[in-house]
K.L.:
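Input: one structure, supplied below.
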Number of protein chains: 2
Amino acid sequence: MARPTPLSGFPEWLPDGRIVEQHVLDTLRRVFELHGFGGIETRAVEPLDQLLRKGETSKEVYVLRRLQEEAGETEGASRGDKQLGLHFDLTVPFARYVLENAGHLAFPFKRYQIQKVWRGERPQDGRFREFTQADIDVVGAGELPYHYEVELPLVMAEALGALRDIGVPAVRVLVNNRRVAEGFYRGLGIDAVDEVLRQIDKLDKIGPEKVAALLVSEAGTTTEQAEACLALAAISGSDTGVVDRVRALASRHGVESDLLETGLGELGALIEAASVRAPGVVVADLKIARGLDYYTGSVYETVLVGHEQLGSICSGGRYDTLASDGANTYPGVGLSIGVSRLVSRLLSAGLVRATRSVPSAVVVAVTSEETRDASDAVASALRSRGVPVEVAPAAAKFGKQIRYADRRGIPFVWFPGRLEEDGTRSPDQVKDIRSGEQVDADPATWEPPAEDRFPRVVPAAG
Amino acid sequence: MARPTPLSGFPEWLPDGRIVEQHVLDTLRRVFELHGFGGIETRAVEPLDQLLRKGETSKEVYVLRRLQEEAGETEGASRGDKQLGLHFDLTVPFARYVLENAGHLAFPFKRYQIQKVWRGERPQDGRFREFTQADIDVVGAGELPYHYEVELPLVMAEALGALRDIGVPAVRVLVNNRRVAEGFYRGLGIDAVDEVLRQIDKLDKIGPEKVAALLVSEAGTTTEQAEACLALAAISGSDTGVVDRVRALASRHGVESDLLETGLGELGALIEAASVRAPGVVVADLKIARGLDYYTGSVYETVLVGHEQLGSICSGGRYDTLASDGANTYPGVGLSIGVSRLVSRLLSAGLVRATRSVPSAVVVAVTSEETRDASDAVASALRSRGVPVEVAPAAAKFGKQIRYADRRGIPFVWFPGRLEEDGTRSPDQVKDIRSGEQVDADPATWEPPAEDRFPRVVPAAG
């Protein structure tokens with residue numbers, strides 16, 4: 001087998017990169033669980049017809065086929081087999097899981113889900129075709145109180161904030177509300193709400209003048225309506241002054257809308273609660289339009305401060321109908337972190353590093369293969385008190401055994417005592433190979449400094 | 001959308017089942033890391049030609065196709081795209097990972113890998129088509145000392161043994177050695193070693209008489225050779241007496257073989273070390289034949305004592321050539337736990353249960369929606385000290401809020417103090433809803449009993 005080359009779009013990390021990713025996942029999981037979110041996993045596949053219910057994503061689905069079928073299996077043998085595809089997000093599978101298990105779940109049901117998803121992007125686009133998402137959602141049976149629309153982005157902000165000590169930049173959560181935009185547009189007399197949102201979404205790319213022209217030509221607005229839409233999109237801020245400015249704008253344009261008022265009430269409550277619980281993190285930004293075509297209330301995007309060009313690393317919103325089986329409707333609100341994109345950025349930009357590439361804090365040296373069992377016993381004693389340890393691969397010269405540790409960033413090498421000529425045993429010793437300090441030590445009681453016990457993930461130096 | 005039904009072969013757990021699975025995975029990971037194994041993940045897909053290098057598994061592979069291709073994409077656009085399939089184990093991807101990253105890895109390289117694998121079994125077979133494996137392997141560059149063949153099954157025995165307090169039965173690791181079998185057969189004058197192994201593998205199913213007949217008819221042995229093979233297969237035991245019995249048998253049949261001696265030396269060393277480090281766990285069983293056709297040294301199978309009919313839940317062995325790129329050869333030894341099969345058994349046999357179905361130890365009651373922020377502040381204070389907490393979904397009657405906790409198995413409900421008429425504040429109280437005991441409590445200092453902080457996984461009562 002020739003040396004294989006990476007597959008474009010399928011990222012993999014070296015062991016020290018995986019330590020970084022695992023740390024990120026563990027941190028997210030811990031925060032989600034502290035907020036009462038339970039973990040679930042769903043299968044990787046869904047029936048293709050379910051994956052294709054939203055047309056937009058249809059091109060990105062990987063379809064599965066058993067090789068056996070291809071090899072000429074008769075049609076009868078595979079009859080009844082539904083065509084399956086790999087899930088491209090965790091929302092479609094979660095909605096199906098809720099419907100399938102509704103009788104066994106307690107609502108409102110709060111879950112997190114950390115899994116790979118797959119998108120059949122063209123390899124030449126340089127986008128990930130396999131990546132890990134970390135989602136939280138709350139779903140209700142029949143109804144779901146608004147306060148969850150406040151809670152969920154704050155949980156995500158806390159989870160991402162918990163990564164700041166490893167060097168992840170601060171996050172800013174940008175929020176908007178479907179009801180504000182739709183209420184305002186309809187109050188202006190515009191019916192083509194989704195078309196307006198589609199054009200507003202281009203603001204960052206092409207600027208307000210071109211968007212104004214498109215609003216007139218594509219969404220059929222008047223010039224005055226277009227200007228009002230752009231004025232709304234220009235409003236942003238992290239206090240409830242935002243609400244006042246929208247009201248003033250609406251008043252100037254003679255807009256009266258119950259939907260707008262409902263949306264402003266919600267947006268104001270979110271901003272207010274966020275300013276108490278996570279000051280400066282949540283910003284209302286009324287030009288956020290992505291997702292407003294399918295979310296029904298709040299929408300969220302999250303950027304890394306100073307790395308805004310990376311785009312949103314955590315997005316989501318409120319959907320009045322996450323799932324429905326005809327008899328029952330399940331509204332939900334949730335957000336999803338693109339973990340692979342985040343970790344890939346942390347590693348490629350050199351923002352973080354692991355303090356070593358293996359779990360071991362100690363290598364126990366082997367004096368001779370005949371006394372390997374003595375080294376094994378030391379390792380076992382240390383492990384029984386939770387110290388990660390490995391035993392040297394061979395009874396080589398100690399210098400070589402120390403290099404084995406050094407190459408992996410393992411801080412300590414343990415030398416078992418030897419039987420002296422007078423029949424006594426010399427004491428075991430442990431060496432900190434960073435400082436060179438070597439001291440007597442007892443495997444029944446010795447502990448490494450707390451910061452050396454496990455590999456840590458830390459901001460990369462300058 | 002009608003209520004969906006489960007897909008045969010794709011197991012999913014309810015939230016409390018997932019707590020059990022997560023506990024199993026966390027425990028395995030902890031033991032692997034204590035032994036210095038670093039975690040890696042590989043992508044879910046491999047080029048189809050790599051997956052099909054071993055013919056046997058070719059029927060079980062799921063092949064991927066982008067839906068886009070199917071929809072009439074021109075051939076040119078997909079040219080250069082390798083055909084991809086989902087991995088069916090973690091060994092093929094690991095071997096590829098080692099070759100691809102050899103220049104960046106330190107050898108011997110010890111890694112664990114916990115991931116889903118997929119096999120395109122026919123759904124009517126009732127077998128898992130998606131399941132989680134937990135693998136450990138050590139791979140060397142050019143050479144790999146024998147002592148790793150002793151270490152790895154003991155690490156697995158320790159990992160599975162760490163699950164005994166949740167009610168997982170004791171494990172027994174059955175070991176055999178390719179060199180012993182091959183050396184003995186060849187010493188008898190048999191060349192069709194793999195064919196003999198194939199027949200010996202049927203012993204448990206069809207018994208020694210039928211196997212004897214098949215050895216003669218299919219493997220071309222004499223009756224006497226067949227009897228000697230069966231006598232070897234009948235030897236088992238957990239001390240080095242096993243080695244003596246094989247030697248005696250060989251001597252009776254005039255077998256002299258360096259390969260046999262090497263194998264017996266290895267097997268004896270494994271049994272001896274295991275009897276010190278994990279008494280009674282490792283048993284030499286010379287009828288173990290599965291895997292001997294591709295492993296080159298030790299082979300391992302693991303059964304749950306009292307649940308032997310479940311088959312092996314953890315298997316593996318030594319391969320002299322895990323991977324090779326022509327210039328370099330990488331020998332390895334590893335074992336793989338079928339986690340889904342194990343967890344499925346634990347749940348379906350009612351052996352274990354989670355103490356609750358959600359992470360939360362506490363529900364903070366909400367007195368009125370206007371004072372939800374006070375409840376949020378209590379939750380935040382408790383979380384800052386690592387207590388998993390959720391806030392009640394609605395300011396319903398306290399009885400209903402207590403039922404919300406009760407339904408999820410959450411042991412504590414917290415009642416924020418109220419503003420009294422005289423302007424003072426009544427103290428917060430926390431109620432253990434199991435005992436009904438309700439006491440004053442301060443969110444800045446209160447802690448739940450250690451055993452209530454997180455959901456635990458425990459043996460299911462009788």
Side-chain angles (χ1 to χ4, degrees), chain A residues 1-4 6-7 10 12 14-15 18 22 33-36 38-45 58-59 61-68 70 81 96-97 99-101 104 106 108 116 120 123 130 145 147 276-277 323-325 357-360 372-373 376 383 388-390 393-394 407-408, chain B residues 1-4 6-7 10 12 14-15 18 22 33-36 38-45 58-59 61-68 70 81 96-97 99-101 104 106 108 116 120 123 130 145 147 276-277 323-325 357-360 372-373 376 383 388-390 393-394 407-408:
Chain A
M1 181 178 184
R3 185 165 165 205
L7 271 181
F10 290 89
E12 287 184 338
L14 287 168
R18 174 62 184 168
Q22 187 70 65
E33 292 185 348
L34 282 177
H35 284 265
I40 67 162
E41 283 202 337
T42 56
R43 63 194 189 216
V45 303
S58 65
K59 286 186 178 171
V61 175
Y62 276 119
V63 184
L64 259 59
R65 192 175 42 188
R66 285 184 288 142
L67 191 63
Q68 204 173 15
E70 206 171 41
D81 240 14
R96 190 262 314 152
Y97 180 93
L99 287 183
E100 191 174 313
N101 300 295
H104 303 283
K116 301 266 172 64
E130 174 180 65
H147 63 78
V276 172
R277 291 171 60 180
S324 170
D325 59 8
S357 65
V358 295
S360 316
R372 174 172 289 278
D373 55 346
D376 284 334
R383 277 183 207 121
V389 184
E390 55 188 287
R407 223 184 134 185
R408 289 158 177 82
Chain B
M1 182 179 183
R3 187 168 160 201
L7 271 181
F10 291 90
E12 287 183 338
L14 286 168
R18 173 62 183 167
Q22 186 70 66
E33 292 184 349
L34 282 176
H35 284 265
I40 67 161
E41 284 203 338
T42 56
R43 62 193 190 218
V45 303
S58 63
K59 287 185 177 171
V61 175
Y62 276 118
V63 183
L64 258 59
R65 193 174 42 189
R66 285 184 289 143
L67 191 64
Q68 206 173 12
E70 206 171 40
D81 238 12
R96 189 263 313 152
Y97 179 95
L99 288 183
E100 190 174 313
N101 299 295
H104 303 282
K116 299 268 172 61
E130 174 180 65
H147 63 79
V276 172
R277 290 171 59 180
S324 170
D325 59 8
S357 65
V358 295
S360 316
R372 175 171 290 278
D373 56 345
D376 284 335
R383 276 182 207 120
V389 185
E390 55 189 289
R407 227 188 130 181
R408 290 157 176 81

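Chain letters run A, B, ... following the sequence lines, proteins first and then strands; every chain starts at 1. Only heavy atoms go into these numbers, but all of them, side chains included; no hydrogens, no water, no symmetry mates.
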K.L.:
Using non-hydrogen atoms only, which part of B/Pro145 is less than 4.5 Å away from chain A: side chain, backbone, both, or neither?
P.N.:
side chain
K.L.:
Where on A/His147 is there a heavy atom nearer than 4.5 Å to chain B: the side chain, the backbone, both, or neither?
P.N.:
side chain
K.L.:
So which atom in A/Pro4 and which in B/Leu99 form the shortest heavy-atom distance, rounded to 0.1 Å?
P.N.:
CD-CB, 3.5 Å
K.L.:
So which of B/Val389, B/Val358, B/Val276 has the largest heavy-atom pair count under 4.5 angstrom toward chain A?
P.N.:
B/Val389
K.L.:
Check whether A/Glu130 gets within reach of chain B through its side chain, its backbone, both or neither, counting any heavy atom under 4.5 Å.
P.N.:
side chain
K.L.:
Output the option from A/Glu41, A/Arg277, A/Gln22 having the highest count of non-hydrogen pairs under 4.5 Å with chain B.
P.N.:
A/Glu41
K.L.:
Picking from A/His104, A/Glu33, A/Glu390, A/Glu100, which has the most non-hydrogen pairs under 4.5 angstrom with chain B?
P.N.:
A/Glu100
K.L.:
Given that the side chain runs from C-beta out, which part of A/Arg383 has a heavy atom under 4.5 Å from chain B: side chain, backbone, both or neither?
P.N.:
both
K.L.:
Would you call A/Val45 and B/Phe10 a side-chain contact if the rule is heavy atoms closer than 4.5 Å?
P.N.:
yes
K.L.:
Could you check which of A/Gly39, A/Pro15, A/Ala106 has the highest count of heavy-atom pairs closer than 4.5 Å to chain B?
P.N.:
A/Ala106
K.L.:
Considering all heavy atoms of both residues, which atom of A/Ser360 and which atom of B/Gly36 are nearest to each other, and what is their separation?
P.N.:
OG-CA, 3.1 Å
K.L.:
Mind ranking B/Asp376, B/Leu34, B/Leu14 by heavy-atom pairs under 4.5 Å with chain A and telling me who comes out on top?
P.N.:
B/Leu34
K.L.:
Among B/Gly38, B/Pro108, B/Ser357, who wins on heavy-atom pairs under 4.5 Å with chain A?
P.N.:
B/Pro108
K.L.:
Drop me the distance from B/Tyr97's OH to B/Ile40's CD1, to the nearest 0.5 angstrom.
P.N.:
4.5 Å
K.L.:
Pick whichever of A/Asp373, A/Asn101, A/Leu7 has the most heavy-atom pairs under 4.5 Å with chain B.
P.N.:
A/Leu7
K.L.:
Could you tell me whether a side-chain N or O of B/Arg66 sits under 3.5 Å from a main-chain N or O of A/Val63, the two making a donor and an acceptor?
P.N.:
no
K.L.:
Specify the closest pair of heavy atoms between B/Thr42 and B/Arg96, including all atoms of both residues, with the distance to one decimal.
P.N.:
CB-NH2, 4.0 Å
